[in-house]
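Ligands are counted one by one from 1 in listed order, and the atoms in each one are counted from 1 as well.
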Amino acid sequence: MPDRRSTPPKGTRASERPSGAADAHVAKELPSNASAFPGAPPSIPSSVFDLDIQDAITLKGIAGSPGVAVGPALVLGDLRAFFVRRHVHTAQIPQELERVQQGVEVAQSTLKAVDARMPKAMREASAILEAYQMMLSDPTLHDLISAKIRKEKKCAEWAVSEASEEIVAMFGPRESGDRDAYISERRHDVEFVCDRLLRALVGEESHHAVRLEEPMIVVARDLSPADTASMVREPALAFVTCVGTRTSHTSIMARALEIPCVVGVSNALEQIRTGDILVVDGLTGQVFVHPTDQSIRDARQRSEQHLAFARRLLSARHKPAVTADGVALALKANVELPAEAILAVDHGAQGIGLYRTEFLYIDRTTQPGEDEQYEVYRAIVEAVSPQAVTLRTFDIGGDKFASTFQMPAEMNPALGLRAVRLALKQPEVFLTQLRAMVRASAHGDVRIMVPMVSSVHEMREVKRLIAQAREQVRARGQAFEEHIPLGMMIEVPAAAIMADVFAREAEFFSLGTNDLVQYALAIDRASQSLAAQASPFDPAILRMIKFVTEAGKTQKIPVSLCGAMASDPLAACLLIGLGLRELSMEAAAIPEIKEAVRRITVPEAEAIAEQALACDSADAVEELLARELAPRLIDLLAGIAEDIPPTRSSMPPSNET
Ligand code: PEP
Ligand code: MG
């Protein structure tokens with residue numbers, strides 16, 4: 001799974017840049033013939049191509065999964081279950097509580113059934129579906145539901161619906177710009193789980209899979225992993241959703257299925273009706289409704305070119321990452337879910353450079369125990385072995401919210417009790433994690449990394465606690481590796497500037513540019529209004545990166561970079577010039593970055609980096625990269641192979657009316 005909270009660099013390829021609110025060039029009234037989903041099978045017109053000539057409309061969203069598709073739309077209705085609010089008599093309370101219990105079992109077995117049907121390629125969804133099953137037995141949810149039934153005498157459905165709203169409200173207000181994609185995903189998870197429970201209560205217990213009688217483009221407000229999974233064997237040409245980001249479940253699933261997808265098209269349901277011909281451009285994040293014959297022809301050509309491009313990239317994904325002059329690099333993956341480790345290896349990752357363990361603590365009401373964590377870490381280590389796995393200790397706080405931690409309300413959480421600061425304030429919680437990590441070291445090459453370090457004192461305290469964890473594990477007679485390398489994230493300017501000093505405390509560094517940009521430029525990483533200024537190409541950031549790589553070289557400790565900029569082809573080449581030889585990124589970007597680095601020599605990259613360091617602004621750096629590097633990476637930046645002409649035989653049949 002890609003970096004959930006990564007801030008795409010300003011100079012990143014077009015497909016990664018959110019293009020803001022949907023924008024209909026031609027407004028028009030459309031009849032509402034959207035089918036209910038998943039309650040009722042969709043009605044598909046007999047001949048979807050039997051359409052009047054209509055005005056072309058361009059809708060803008062976010063490119064969720066690359067590729068270009070042409071075909072008729074299938075518009076799915078809202079996902080919410082329908083129920084009647086009613087009060088119950090005191091005597092009926094036990095019965096309502098029992099109904100909730102049965103509903104949970106039905107919803108869990110429905111999710112299990114969807115999971116069982118899931119093909120191998122969707123392993124990632126399996127992990128999500130398992131998490132949903134666990135969420136259905138979450139004590140917070142159950143306490144809230146039973147309080148509403150017992151004290152407020154509300155029927156089971158009403159209690160579930162209100163409990164869902166209350167938990168969702170704990171995530172804070174919804175903001176139109178989706179201030180934090182990660183929070184929005186968690187909110188959606190709660191809504192989805194409660195909706196499954198509601199459906200079980202109202203008797204829609206089976207998951208009504210959508211059946212596509214012909215290849216169609218699925219348009220919906222949102223698609224949950226279970227919904228997407230139910231369509232795996234259907235001829236879905238593409239997905240378009242009103243909500244979501246590049247890191248939302250729909251995008252992740254679409255990329256796993258290699259289906260083009262555009263998310264965040266806020267007015268898709270108003271502008272598209274079932275049967276409308278669409279062009280979905282998952283490279284640019286655009287959806288064309290009623291496209292002209294010419295744009296359909298162009299789309300098919302782009303589709304062919306993208307497929308050829310993707311095939312070519314994937315075929316070389318297991319080859320080593322070496323520059324044109326033969327310098328070997330290590331390209332590793334950032335993962336959040338255990339299932340992603342397999343995906344990472346499949347994309348040619350040379351290990352896991354960042355495992356964000358905080359995801360074990362989120363979306364639950366109790367802390368994960370040592371054994372549970374150990375099993376997760378062990379699974380990842382075994383999946384990737386003999387390659388190394390860098391386990392980052394939890395980075396909770398700031399934009400990463402976990403209700404199980406008692407945290408003070410702070411004016412500025414990003415500058416408050418976060419990551420290692422929180423870990424050191426709650427040593428028992430931290431020790432539980434450290435013991436699990438120490439035990440996982442018995443199964444492969446494990447490294448431990450500490451986030452958000454800003455003082456040497458923190459590193460020394462972490463070392464003391466690791467030694468304590470090791471002794472506790474030893475006392476129990478459990479296996480572990482005596483020496484586990486301990487590294488730190490360089491994501492706070494203080495750590496970057498003191499890198500030469502920190503190099504005596506840490507065995508490796510990993511530059512976290514997502515936070516380094518936030519803290520060095522004083523721009524909230526979630527700020528929409530300042531997103532354009534939060535550029536990792538800012539010379540202030542480049543100078544810090546250079547300083548850290550130099551310190552690593554002098555002190556002979558490895559330096560990696562795991563911020564989102566590593567997955568941008570232009571940035572990756574620049575980073576080589578700044579001295580980096582290891583990058584960690586979302587798994588899906590690895591084949592592309594391998595290809596990018598093969599096209600540059602180290603002296604070329606160094607010459608560009610030198611010029612970049614002398615620039616006075618991020619814009620000047622971007623202009624430099626556009627001039628010096630973009631021409632040789634143009635296909636990677638656009639996601640299509642310009643040199644591959646489309647072959648008529650592999651093109652879909654013409655649908656022009
Ligand atoms: C970073 O800050 O660049 C980083 C990789 O960590 P995260 O995005 O998890 O804060
Ligand atoms: Mg960070």
**Student:** Leaving waters out, which protein N, O or S atoms fall under 2.8 Å from the Mg ion (ligand 2)?
**Tutor:** E491 OE1, D515 OD2

**Student:** Determine whether T554 and D500 make a side-chain contact, defined as any pair of heavy atoms from C-beta on separated by less than 4.5 Å.
**Tutor:** no

**Student:** For ligand 1, which atoms have a heavy atom of R525 less than 4.0 angstrom away?
**Tutor:** 2 (O), 7 (P), 8 (O), 10 (O)

**Student:** Check whether any side-chain heavy atom of M449 lies under 4.5 Å from a side-chain heavy atom of S510, and answer yes or no.
**Tutor:** yes

**Student:** For ligand 1, indicate whether the residue D395 contacts it via side chain, backbone, both or neither (heavy-atom separation under 4.0 Å).
**Tutor:** side chain

**Student:** Output every pair passing salt bridge (charged side-chain N to carboxylate O under 4.0 Å, His left out) with a member in residues 420-438, not counting sequence neighbours, ordered by first then second residue.
**Tutor:** E370-R435

**Student:** Heavy atoms, side chains only, cut-off 4.5 Å: are L511 and C562 in contact?
**Tutor:** no

**Student:** Measure up the Y374 and H443 rings against each other and bin them: parallel (under 30°), tilted (30 to 60°), perpendicular (over 60°).
**Tutor:** tilted

**Student:** Do R378 and D371 meet the salt-bridge criterion of a basic N to acidic O distance under 4.0 Å?
**Tutor:** no

**Student:** Do Q433 and T357 have a side chain donor and acceptor closer than 3.5 Å?
**Tutor:** yes

**Student:** Distance-only criterion, 3.5 Å: show the donor-acceptor pairs between side-chain atoms of residues 346-353 and protein atoms not counting sequence neighbours.
**Tutor:**
residue : atom : partner : partner atom : Å
H347    : ND1  : L343    : O            : 2.9
Q350    : OE1  : L331    : N            : 2.8

**Student:** Using a strict cut-off of 4.0 Å, indicate which atoms of ligand 1 neighbour a heavy atom of G563.
**Tutor:** 3 (O)

**Student:** Can you say whether the rings of F430 and F394 are parallel (under 30°), tilted (30 to 60°) or perpendicular (over 60°)?
**Tutor:** perpendicular

**Student:** Using a 4.0 Å heavy-atom cut-off, say whether N514 meets ligand 1 through its side chain, its backbone, both or neither.
**Tutor:** both

**Student:** At a 4.0 Å threshold, what atoms of ligand 1 neighbour a non-hydrogen atom of G512?
**Tutor:** 1 (C), 2 (O), 3 (O)

**Student:** If you define the side chain from C-beta out and look only at heavy atoms, does anything of M565 sit under 4.5 Å from I545?
**Tutor:** yes

**Student:** In terms of atom number and element, which parts of ligand 1 are under 4.0 angstrom from non-hydrogen atoms of R418?
**Tutor:** 10 (O)

**Student:** Within ligand 1, which atoms have a heavy atom of C562 less than 4.0 Å away?
**Tutor:** 5 (C)

**Student:** Under 4.0 Å between a side-chain nitrogen and a carboxylate oxygen: does that hold for R447 and E507?
**Tutor:** no

**Student:** For M489, state whether at least one heavy atom is located under 4.0 Å from any atom of ligand 1.
**Tutor:** yes

**Student:** Near E491, which atoms of ligand 1 are under 4.0 Å from a heavy atom of that residue?
**Tutor:** 1 (C), 2 (O), 6 (O)

**Student:** Which of the atoms in ligand 1, numbered in the order shown and given with their element, are less than 4.0 Å from a heavy-atom of L354?
**Tutor:** 5 (C)

**Student:** With backbone taken as N, CA, C and O and side chain as the heavy atoms from C-beta onward, which portion of R392 lies under 4.0 Å from ligand 1: side chain, backbone, both, or neither?
**Tutor:** side chain

**Student:** Can you name the atoms of ligand 1, numbered from 1 with element, that are less than 4.0 Å from a heavy atom of R356?
**Tutor:** 4 (C), 5 (C), 6 (O), 7 (P), 8 (O), 9 (O)

**Student:** Which residues satisfy the side-chain hydrogen bond (donor to acceptor under 3.5 Å, both in side chains) test with R543, sequence neighbours excluded?
**Tutor:** none

